[in-house]
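First comes the structure, then the notes that go with it.
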Amino acid sequence: QVQLVESGGGWVQPGGSVKLSCATSGFTLDYYPIGWFRQAPGKEREGVSCISSSGSSTVYADSVKGRFTASRDNAKNTVYLQMNSLKPEDTAVYFCAGDFRVDLTRSYCSDYATDYDYWGQGTQVTVSS
């Protein structure tokens, strides 16, 4: 069955870096865009980034632009989110998700959570001194 499993979260000091991984199985990763989302306590889930199926296009929320970088290795069935210059407000549970809509171009990805069909269980990132 389709699975997405996040890892790499943990505690980090402000200004530090973390690299999240999203390991996928049960489908051909090469065909689908992947999104990254986060949810902080008491807040709604928000889009962080997405990466197209080819990896040629990425989208970032304004709050993380210039600090976060999404990438993917389709041969390893894994998508990554490199998070640098972390701030306390980046503290959240981070989720990866797969957009399984058909006929998407290889350079497209969506930052809307409602466009995503399958979700991982999330990994906690805590930024604190």
Q: Kindly determine whether D30 and R72 satisfy salt bridge (Lys or Arg N to Asp or Glu O under 4.0 Å), including the steps that lead there.
A: CA-CA 9 Å; D30 186 59; R72 61 194 292 157; over 6 Å; no

Q) Among the clusters formed by ILVMFWY side chains lying less than 4.5 Å apart, do V2 and V79 turn up in the same one? A) yes

Q) Does S57 offer a backbone N or O that forms a donor-acceptor pair with the side chain of S107 under 3.5 Å? A) no

**Q.** Side-chain heavy-atom pair S110, C50 within 4.5 angstrom cut-off
**A.** no

Q) Which atom pair, heavy atoms only, marks the closest approach of A70 to S49? A) CB-OG, 3.5 Å

Q. Taking the side chain as C-beta and beyond, is there a heavy-atom pair between S21 and K76 under 4.5 Å?
A. no

Q) Given side chains that start at C-beta, do those of R38 and V64 come closer than 4.5 Å, heavy atoms only? A) yes

Q: Check step by step if side-chain contact (heavy atoms from CB on, under 4.5 Å) holds for F68 and L86.
A: CA-CA 9 Å; F68 291 11; L86 283 162; 3.8 Å; yes

**Q.** Any donor-acceptor N/O pair, T126 side chain to W11 backbone, under 3.5 Å
**A.** no

Q) Taking everything shown except K65 itself, do over 12 heavy atoms lie less than 6.0 Å from its NZ? A) yes

Q. Hey, what do you get for OH (Y116) to CG (D111), rounding to the nearest 0.5 Å?
A. 7.5 Å

(Q) Return the OH to OG distance between Y80 and S7, rounded to the nearest 0.5 Å. (A) 9.0 Å

Q) Is there a side-chain contact between L104 and S53, using heavy atoms and a 4.5 Å cut-off? A) no

Q. Same cluster for W119 and V59 if Ile/Leu/Val/Met/Phe/Trp/Tyr side chains link at under 4.5 Å?
A. no

Q. Shortest non-hydrogen contact from A92 to A40?
A. CB-N, 3.8 Å

(Q) Would you compute the distance between atom NZ of K43 and atom OG1 of T91 and round it to the nearest 0.5 angstrom? (A) 10.0 Å

(Q) Less than 6.0 angstrom separating the ring centers of Y118 and F27, yes or no? (A) no

Q.
Taking side-chain contact (heavy atoms from CB on, under 4.5 Å) as the criterion, tell me which of V125, V127, V12 meets it with M83.
A. V125

Q. In Å, rounded to the nearest 0.5 Å, how long is the span from OG of S56 to CZ of R106?
A. 8.0 Å

Q: Taking all non-hydrogen atoms of both residues into account, name the closest pair between Q121 and L4 and its distance.
A: OE1-O, 3.7 Å

Q: Specify the closest pair of heavy atoms between D90 and Y94, including all atoms of both residues, with the distance to one decimal.
A: O-OH, 2.6 Å

Q | Heavy-atom side-chain proximity of K19 to T69 below 4.5 angstrom | A | no

Q | Considering all heavy atoms, the nearest S17-S85 contact | A | OG-N, 4.3 Å

Q.
Is there a side-chain contact between W36 and E6 in this structure, where contact means two heavy atoms from C-beta onward sitting under 4.5 Å apart?
A. yes

Q. In Å, rounded to the nearest 0.5 Å, how long is the span from CD1 of I34 to CG of L81?
A. 12.5 Å

Q: Measure the shortest side-chain to side-chain distance between D99 and D117 over non-hydrogen atoms and say whether it is less than 4.5 angstrom.
A: yes

Q: Please report the closest heavy-atom contact between L29 and D73, naming both atoms and the distance.
A: CD2-O, 4.3 Å

Q. What about Y32 and F100, are their ring centers closer than 6.0 Å?
A. yes

(Q) Counting neighbours of CD on E89 that are heavy atoms of other residues, nucleotides or ligands and sit closer than 6.0 Å, is the number greater than 12? (A) yes

